[in-house]
Amino acid sequence: MLWLKALESLQVHLIKAVIADEVILGGYNPANVRAKPDGKGILYLMRDRECPASDDLVESVRITLTVDAWVRSDSKTMHDGYEALARLERDLMEALKRYASEVTWIAEGVQLLHMKITETGGDRDSMRPLVGSRFTVELLVYEG
């Protein structure tokens, strides 16, 4: 399945970027997020959906996935938690930009044609001392 190949490729890239303490593939229960106090944070990579990108003769697939970013701040000031999350988000954005510019093949015979972040939002499951956000990422791939 192309979505799994895309998630695995992105996971390897984000681990090598060393922007988070952990980069985990798959869903989770927000109550079980164990971000380290004063750590870099945790990233969760999850499948969303995939669909044909067009009716053209070249069969490309649009894969949507999410990257959830979580940090922990034991500070009494919420602003400190937001600053920690903003740092992780900035590092994630830079790592995603590098992925899009450097990666051509996400797996054997699977070419990355285009990648974009379609949305970023606060995670409504955030509960202090944890603060999180969700990136929705769209990849256009071709399997030849």
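Remember, it's a predicted structure, so these values are computed and weren't measured experimentally.
Note on V137 and L4: same hydrophobic cluster, where clusters join Ile, Leu, Val, Met, Phe, Trp and Tyr whose side-chain heavy atoms are under 4.5 Å apart, directly or indirectly. By the criterion of side-chain heavy atoms lying less than 4.5 angstrom apart, applied directly or through intervening Ile, Leu, Val, Met, Phe, Trp or Tyr residues, I15 is grouped together with M115 in one hydrophobic cluster. There is no path of hydrophobic side-chain contacts, each under 4.5 Å, that joins V18 to L45. Hydrophobic clustering (side-chain heavy atoms under 4.5 Å, transitive across Ile, Leu, Val, Met, Phe, Trp, Tyr) keeps I24 apart from V12. The same ILVMFWY cluster, assembled from side-chain heavy atoms under 4.5 Å apart, contains both V23 and M93.
With sequence neighbours left out, the side chain to side chain donor-acceptor pair (under 3.5 Å) criterion links D38 to no other residue. For Y99, the ring pair (Phe, Tyr, Trp, His ring centres under 6.0 Å) partners are H13, not counting sequence neighbours.
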**Test log, rule salt bridge (charged side-chain N to carboxylate O under 4.0 Å, His left out), inputs R134 and D68** = CA-CA 4 Å; R134 173 167 284 176; D68 286 12; 2.7 Å; yes

**Asked** Where do E143 and L2 land on the side chain to side chain contact (heavy atoms under 4.5 Å, CB included) test, with the steps shown first?
**Response** CA-CA 8 Å; E143 185 174 29; L2 292 179; 3.7 Å; yes

**Message:** Determine whether K5 and E8 satisfy the following criterion, salt bridge (charged side-chain N to carboxylate O under 4.0 Å, His left out), listing intermediate values before the conclusion.
**Reply:** CA-CA 5 Å; K5 292 176 182 180; E8 290 170 338; over 6 Å; no

**Message:** Test side chain to side chain contact (heavy atoms under 4.5 Å, CB included) on L10 and L139; report intermediate values, then the result.
**Reply:** CA-CA 11 Å; L10 187 56; L139 291 84; 5.6 Å; no

**Message:** Could you walk me through whether M46 and D48 satisfy the side chain to side chain contact (heavy atoms under 4.5 Å, CB included) test, starting with their C-alpha distance in whole Å, then the side-chain angles of each, then the deciding distance to 0.1 Å, before giving a yes or no?
**Reply:** CA-CA 6 Å; M46 294 172 288; D48 191 338; over 6 Å; no

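Atoms CG and CG, from D80 and L85 in turn, are 12.5 Å apart once rounded to the nearest 0.5 Å. One finds the CD atom of E94 at 9.0 Å from the CZ atom of R90 (value rounded to the nearest 0.5 Å). Residue R34 holds its CZ atom at 8.5 Å from CZ of R72, rounded to the nearest 0.5 Å. Rounding to the nearest 0.5 Å gives a distance of 5.0 Å between CD of Q11 and CG of L25. Remark: E119 CD to T136 OG1 distance equals 5.0 Å, nearest 0.5 Å. Distance CG/L96 to CG/L92: 4.5 Å, rounded to 0.5 Å.
The environment of E108 atom CD is sparse: at most 12 non-hydrogen atoms of other residues, nucleotides or ligands sit within 6.0 angstrom.
Side-chain contact of T120 with E89: a donor-acceptor pair under 3.5 Å is absent, judged by distance alone.
Looking only at distances, a side-chain donor or acceptor of S75 sits under 3.5 Å from a matching main-chain atom of T77. When atom types are taken as modelled, the side chain of E138 and the backbone of R62 share no donor-acceptor pair closer than 3.5 angstrom.
For the pair I106 and A6, the tightest heavy-atom approach, listed with the atom from each and the gap, is CD1-CA, 3.8 Å. For the residue pair F135 and S133, the shortest heavy atom distance occurs at CE1-OG, 4.0 Å. The minimum heavy-atom distance between V71 and G81, with the atom names listed, is CG2-O, 3.9 Å. In terms of heavy atoms, A100 sits closest to L112 at CA-CD2, 4.5 Å.
The shortest side-chain heavy-atom distance between V131 and M78 falls under the 4.5 Å cut-off. Taking the side chain as every heavy atom from C-beta outward, Y44 and V33 approach each other to under 4.5 Å.
Exactly one residue among D21, D91, I19 makes a side-chain contact (heavy atoms from CB on, under 4.5 Å) with K40. That residue is D21.
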